[in-house]
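As the structure lists them, so they are numbered: ligands from 1, and atoms in each ligand from 1.
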Amino acid sequence: MEELAELIQNGQAKRILVLCGAGISTGAGIPDFRSPGTGLYDNLSKYNLPYPEAIFDVDYYRKKPDAFVSLAKELWPGIVFKPTPTHYFLKILADKGLLLRIYTQNIDGLEFLAGIPDDKLVECHGHFRTSACIDCHKASDTERVKETIVQEMETPICIYCRGYVKPDVVFFGENLPDRFHSLLKKDIPKADILLVMGTSLQVAPVSLIPDMVRCNRVLFNRDKVMTIRPGDMFLQGDCDSNVEKLASLLGWALQTEELNDNEEREEGRGVERNQEEMKNIDKEDDGNEGEGGKETEVANLEKIHIETNKQEETNENQKQEDASKG
Ligand code: CNA
């Protein structure tokens, strides 16, 4: 922890790349997927699913939309859940000009609600601020979609083709946003350090990021979900507690009170974040290529589970560790 604080303080870590997942939002009361006992995958009986991933499967949604609609009603950003100390820590990184980019797998919009600027944030698995029909793909009025899901607890219907509408959350088998691919390619060679926070690294292609970077990585997680290379750090335990300790070492005060203008943000900044704006942000980035390191190719990959491979890798790491111990 002291070592990381030192790297930030002495300017060696001034372009910080962050990869985060559901574990940074459990402190807000949102269950993650895979934590045994508390994770959504262990508590899906109420949705009556044939297999856990079905809740994020387009074909299943087309047949039985109720499970996702019910989850979306609980999760809809800006209603119940508020950003955690970890989200506010990331906001401070942005304010201090230390944040290269956040790649979040979360769909809860808490990075956005914490005030992290659009250009510093890639919501790899989408968000609830826009929505579209799963059949004709035409955009829908998201305020109306929100009302239908949150208040009426019904499935929103497309006004053009009568197909089902869903918020622009990336389901399994769907492509990640174009920004993910274009920005990642530029960010990988620029990063001084990668913070991997609260993710099991089991969903590709986001889970591949730690293997792409050449810089050192710091894992903030309850579990050791990746190989710790020489120079890497593993800050095991609760993300918020570790981030609070780090902030205190750095002399940074984390904002803990909730933002009083969440509603304003939703209306004034969120829904408006349209394709055109994103293109402009990406264009700005083009002019800011940094010290031209090697560009990493990222193919146009879709969201998939890589559970088996990661498990095998973890087992392999464990074996190697055991062998070196014994
Ligand atoms: P995951 O597979 O559930 O993994 C979460 C990881 O975080 C696990 O390794 C946990 O041990 C760890 N963890 C949980 N709580 C803490 C904590 N307080 N401190 C430190 N570590 C903790 O979730 P991933 O994000 O890796 O999987 C990607 C999926 C999850 C994406 O497709 C998301 O859309 C999806 N998801 C998102 C949310 C959300 O938006 N908040 C919630 C649940 C699932």
Side-chain angles (χ1 to χ4, degrees), residues 18-44 47 52-58 67-68 71-72 74-87 89-90 102-114 121-129 166-177 180 195-210 218-226 234-246 301-308 310-311 313-314:
V18 179
L19 159 58
C20 55
I24 73 161
S25 293
T26 52
I30 305 175
D32 63 6
F33 269 175
R34 295 178 183 83
S35 282
T38 55
L40 275 174
Y41 280 1
D42 274 358
N43 291 283
L44 284 171
Y47 300 115
E53 292 84 358
I55 201 157
F56 293 118
D57 181 311
V58 180
F68 177 75
L71 181 71
E74 286 171 39
L75 263 189
W76 202 286
I79 298 179
V80 177
F81 304 109
K82 307 290 177 215
T84 65
T86 302
H87 293 95
F89 176 80
L90 299 178
I102 299 175
Y103 289 83
T104 182
Q105 298 166 87
N106 294 344
I107 52 174
D108 55 32
L110 294 185
E111 295 86 359
F112 180 81
L113 286 178
L121 181 61
V122 180
E123 292 165 296
C124 311
H125 295 165
H127 54 72
F128 286 83
R129 295 185 297 280
K166 75 167 176 65
D168 287 334
V169 166
V170 179
F171 277 24
F172 289 108
E174 291 188 318
N175 282 329
L176 272 66
F180 170 80
L195 310 186
V196 179
M197 310 178 96
T199 170
S200 61
L201 294 177
Q202 296 203 358
V203 179
V206 178
S207 58
L208 306 174
I209 296 176
V218 183
L219 175 65
F220 288 77
N221 214 63
R222 288 202 175 121
D223 313 307
K224 185 172 164 239
V225 292
M226 64 185 208
F234 176 27
L235 302 176
Q236 186 163 23
D238 178 58
C239 226
D240 288 337
S241 312
N242 278 326
V243 156
E244 277 166 340
K245 281 183 209 147
L246 178 60
L301 296 167
E302 59 194 30
K303 179 180 167 183
I304 52 162
H305 271 291
I306 52 163
E307 202 125 0
T308 324
K310 271 284 163 191
Q311 195 53 52
E313 193 188 302
T314 308

*side chain to side chain contact (heavy atoms under 4.5 Å, CB included) between F220 and L246: does it pass, once the steps are laid out?*
CA-CA 11 Å; F220 288 77; L246 178 60; 4.0 Å; yes

*Checking ring-ring contact (aromatic ring centres under 6.0 Å, His included) for the pair F56/F33: CA distance, chi angles, key distance, verdict?*
CA-CA 12 Å; F56 293 118; F33 269 175; 5.5 Å; yes

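Considering backbone and side-chain atoms alike, G21 places every N or O at 3.5 Å or more from each N or O of ligand 1. Residue G198 has at least one N or O atom closer than 3.5 Å to an N or O atom of ligand 1. Backbone and side-chain nitrogen or oxygen atoms of F33 are examined, and one is located within less than 3.5 angstrom of a nitrogen or oxygen of ligand 1. Geometrically, ligand 1 and R34 share a nitrogen or oxygen pair separated by less than 3.5 Å. Considering both main-chain and side-chain atoms, F220 never comes within under 3.5 Å of ligand 1 through any nitrogen or oxygen pair.
A cation-pi arrangement is absent between K224 and F234 under the rule of less than 6.0 angstrom and at most 45 degrees off the ring axis.
To the nearest 0.5 angstrom, Q236 atom CD is 7.5 Å from D223 atom CG. Of the inter-residue distances, the one linking I209 atom CD1 with Q105 atom CD reads 8.0 Å to the nearest 0.5 angstrom. Atom-to-atom distance recorded for L176:CG and E302:CD is 9.5 Å, nearest 0.5 angstrom. Between atom CG of residue D168 and atom CD of residue E123 there is a gap of 11.0 Å, rounded to the nearest 0.5 Å.
The shortest distance between side-chain heavy atoms of V206 and H125 falls below 4.5 Å. A 4.5 Å side-chain heavy-atom check between M226 and S207 finds every atom pair outside the cut-off. Within the 4.5 Å cutoff, side-chain heavy atoms of I102 are placed close to those of C20. Side chains of V225 and L219 form a contact here, defined as non-hydrogen atoms less than 4.5 Å apart. A 4.5 Å side-chain heavy-atom check between L201 and L19 finds at least one atom pair inside the cut-off.
Against a heavy-atom cut-off of under 4.0 Å, I30 is close to the following atoms of ligand 1: 41 (N). Numbered from 1 in the order shown, with element, the atoms of ligand 1 that lie under 4.0 Å from a heavy atom of C239 read 17 (C), 19 (N), 20 (C). Close approach of ligand 1 to D238 is summarised as follows: ligand atoms under 4.0 Å from at least one heavy atom of the residue are 17 (C), 18 (N), 19 (N).
In this structure, the protein non-hydrogen atom closest to atom 11 (O) of ligand 1 is D223 OD2, 2.6 Å. The protein non-hydrogen atom at the shortest distance from atom 5 (C) of ligand 1 is D32 OD2, 3.5 Å. For atom 32 (O) of ligand 1, the closest non-hydrogen atom of the protein is H125 ND1, 2.8 Å. Looking at atom 38 (C) of ligand 1, its nearest protein heavy atom turns out to be A22 CB, 3.8 Å. Looking at atom 40 (O) of ligand 1, its nearest protein heavy atom turns out to be I107 N, 2.8 Å. The nearest heavy-atom contact from the protein to atom 39 (C) of ligand 1 is D108 OD2, 3.5 Å. In this structure, the protein non-hydrogen atom closest to atom 21 (N) of ligand 1 is R222 N, 3.2 Å. Atom 43 (C) of ligand 1 has its closest protein heavy atom at P31 O, 3.4 Å.
Here the shortest heavy-atom distance to atom 9 (O) of ligand 1, taken over N221, D240, L235, belongs to N221. The heavy atom nearest to atom 37 (C) of ligand 1, out of those in T84, T104, I24, N106, is found in N106. Closest to atom 13 (N) of ligand 1 by heavy atom, among S207, G23, C124, G126, is G23. In this comparison of E111, E123, Q105, the heavy atom closest to atom 28 (C) of ligand 1 sits on Q105.
Remark: distances from the non-hydrogen atoms of G237 to ligand 1 include one below 4.0 Å. In this structure, S35 is part of the shell of residues with a heavy atom less than 4.0 angstrom from ligand 1. Heavy atoms of Q202 stay at 4.0 angstrom or farther from ligand 1.
Of the heavy atoms in T26, only side-chain atoms (C-beta onward) come closer than 4.0 Å to ligand 1. Residue contacts with ligand 1, taken as heavy atom pairs separated by less than 4.0 Å, involve S25 solely via side-chain atoms from C-beta onward. Residue contacts with ligand 1, taken as heavy atom pairs separated by less than 4.0 Å, involve T199 via backbone and side-chain atoms alike.
Under a 3.5 Å cut-off, the side chain of N221 and the backbone N or O of G198 do form a donor-acceptor pair.
N242 approaches L235 most closely through the heavy-atom pair ND2-O, 3.4 Å.
Between F128 and F68, the ring planes lie parallel to each other; the angle is under 30°, not in the 30° to 60° tilted range.
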